[in-house]
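Here is the structure we will look at.
Numbered from 1 within each chain, the chains take letters A, B, ... in sequence-line order. Computed from a prediction, not measured in an experiment: that's the story for all the values here.
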Number of protein chains: 2
Amino acid sequence: MVSSTTTTQLRRGVVGPCILALLSTGPRYGLQLVKELDRSGQLLSSQGTVYPLLNRLHESGLVSSYWEMSDSERPRRYYEITNEGRRELDEFRNDWAEFAGAVNTLMASTKAPSSESESR
Amino acid sequence: MVSSTTTTQLRRGVVGPCILALLSTGPRYGLQLVKELDRSGQLLSSQGTVYPLLNRLHESGLVSSYWEMSDSERPRRYYEITNEGRRELDEFRNDWAEFAGAVNTLMASTKAPSSESESR
DNA sequence: TGCCATACCTTGCACGGCAAGGTATCTTCT
DNA sequence: AGAAGATACCTTGCCGTGCAAGGTATGGCA
C-alpha cells in the first residue's frame with residue numbers, strides 16, 4: 001500500500017504456482033521462465049525471484065531438474081514438474097479461484113451504485 | 001508454498017484494499033471489519049492483521065477516524081474512507097483486475113487438454 | 001583484446017499478515 | 001460478591017516471499 005509496488009504484494013504466493021503451471025506443459029530452464037513470466041503480464045520482475053524459488057520448489061519435491069550440456073551453447077539447467085508438483089498446482093488453482101472470487105465479490109458489491117441487482 | 005497457509009500469502013496486499021472497499025460504503029469500527037472480512041470468504045484470520053493495518057491506512061491518510069462514546073456500550077473507534085482512500089481503492093481495482101487477469105490467463109492456458117481453442 | 005549476451009547463482013532488505021498476548025469495561029451466571 | 005464471558009481496543013515478534021543488487025563463467029563477435 002502506498003508503495004509503488006502494489007503488484008509486488010499481489011504476486012506473493014502466486015509466482016511459484018505460475019512456474020508450476022508453465023512447467024506443467026513442458027520443461028524449461030531458469031532464464032526462459034523469467035522471460036515467459038515477464039511476458040505473461042505483471043507476474044515477475046527479477047531473476048532474484050526465480051532462482052531461489054526454483055530451489056525451494058526443488059527442495060519441496062515439486063520439480064526435478066537436469067542439466068543439458070550442449071557443446072554449442074551455455075549449459076542449461078532444465079526443470080520438470082513432478083507428480084507432487086501437479087497436485088500442488090491443482091490445489092492452488094482451487095485456492096486461487098476461491099480467493100479471487102471472494103475478492104471480486106467484495107469489490108463488486110462495494111462498487112459505486114449504478115443499477116444494483118445483486119444476488120447472494 | 002508447501003506451508004499450510006497458501007491463502008495467507010495470497011492475502012498480501014489485498015486486505016488493505018478490502019477494508020477500503022468496505023469503508024467506501026460507510027464507516028465501521030475495528031472488530032466489525034474483522035467480522036465482515038471473516039464472513040466474506042477467506043480474506044482474514046486475525047485481529048492482529050486489522051489493527052496495525054488500520055494504523056497504516058490512517059497514517060497514509062487513506063482513512064480518518066473518530067471515537068464514538070455511548071453510555072450504554074463500549075467506546076468504539078470508527079473509521080471512514082477519505083478521498084485519497086477512494087482514489088487508492090480505484091487504483092487497486094485496476095491493478096487487481098489486471099493482475100488477476102494475468103494469473104487466470106496463465107492458469108487457463110496451461111490447463112489440461114480437453115478441447116483447446118485458444119484465442120490471443 | 002575487449003565487450004556484450006546468455007546463463008547460472010547468492011545476499012540482505014522490506015513488507016505485510018499472523019499468532020499470541022495484553023488491557024479494560026460491561027453483562028450474566030451462580 | 002465473585003467468576004466468567006463477551007466486546008472492544010491494542011502491541012510485539014516471527015516468518016515467508018519477492019526484489020534489487022551484485023557476482024561468476026563462457027561463448028561469440030569485432
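Both A:Tyr79 and A:Tyr66 belong to a common hydrophobic cluster when Ile, Leu, Val, Met, Phe, Trp and Tyr are linked at side-chain heavy-atom distances under 4.5 angstrom.
Side-chain contact check for B:Leu33 versus B:Leu23: some heavy-atom pair is nearer than 4.5 Å.
In this structure, A:Ile19 places its CD1 atom 12 Å from C1' of D:dT17, rounding to the nearest Å. When rounded to the nearest whole Å, the span between CG of B:Leu54 and P of D:dC10 equals 8 Å. What separates CZ of B:Arg11 from C1' of D:dT17 is a distance of 16 Å, to the nearest Å.
Put simply, A:Tyr51 has no side-chain N or O that comes within less than 4.0 Å of OP1 or OP2 on C:dT10. Residue A:Tyr29 places no side-chain N or O under 4.0 Å from the OP1 or OP2 atom of C:dC8. For the pair B:Thr49 and C:dC18, the criterion of a side-chain N or O lying under 4.0 Å from OP1 or OP2 is met. Taking only side-chain nitrogens and oxygens, B:Lys35 comes nearer than 4.0 Å to OP1 or OP2 of D:dA8. Phosphate proximity of C:dG17 to B:Thr8: absent, as no side-chain N or O sits under 4.0 Å from OP1 or OP2. Contact between the side-chain N/O atoms of A:Arg76 and the OP1/OP2 oxygens of C:dA7 is found at a separation under 4.0 Å.
Within the 4.0 angstrom heavy-atom criterion, only backbone atoms of the sugar-phosphate kind lie near A:Val14; the bases stay farther away. Nucleic acid contact class of B:Ser46 (heavy atoms, under 4.0 Å, all strands): base. Nucleic acid contact class of B:Gly30 (heavy atoms, under 4.0 Å, all strands): sugar-phosphate only. Heavy atoms of A:Tyr78 sit nowhere under 4.0 angstrom from any nucleic acid atom.
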| task | Begin with the C-alpha distance, continue with both residues' side-chain angles, and end with the deciding distance and a verdict on side-chain contact (heavy atoms from CB on, under 4.5 Å) for B:Leu31 and B:Tyr51. | result | CA-CA 9 Å; B:Leu31 253 204; B:Tyr51 289 108; 4.1 Å; yes

| request: Could you please spell out the steps behind the side-chain contact (heavy atoms from CB on, under 4.5 Å) verdict for A:Val103 and B:Trp96? | output: CA-CA 9 Å; A:Val103 175; B:Trp96 168 259; 3.6 Å; yes

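A donor-acceptor pair under 3.5 Å is formed between the side chain of B:Arg93 and the backbone N or O of A:Met107.
Summarising the geometry of B:Thr110 relative to A:Ser24, their closest heavy-atom pair is O-OG, 3.5 Å, with the distance given to 0.1 Å.
Closest-nucleotide positions on DNA chain D for A:Arg12 and A:Pro52 were compared, and the one nearer the 5' end corresponds to A:Arg12.
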Pull out every protein N or O sitting under 3.5 Å from an N or O of nucleotides 22-25 of chain D, one pair per line with the distance.
none

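With a 6.0 Å radius and a threshold of 12 heavy atoms from other residues, nucleotides or ligands, B:Gln32 has its CD atom above the threshold.
When distances run from any side-chain atom of A:Trp67 to the nucleotides D:dC9, C:dC8, C:dA19, the shortest one goes to C:dC8.
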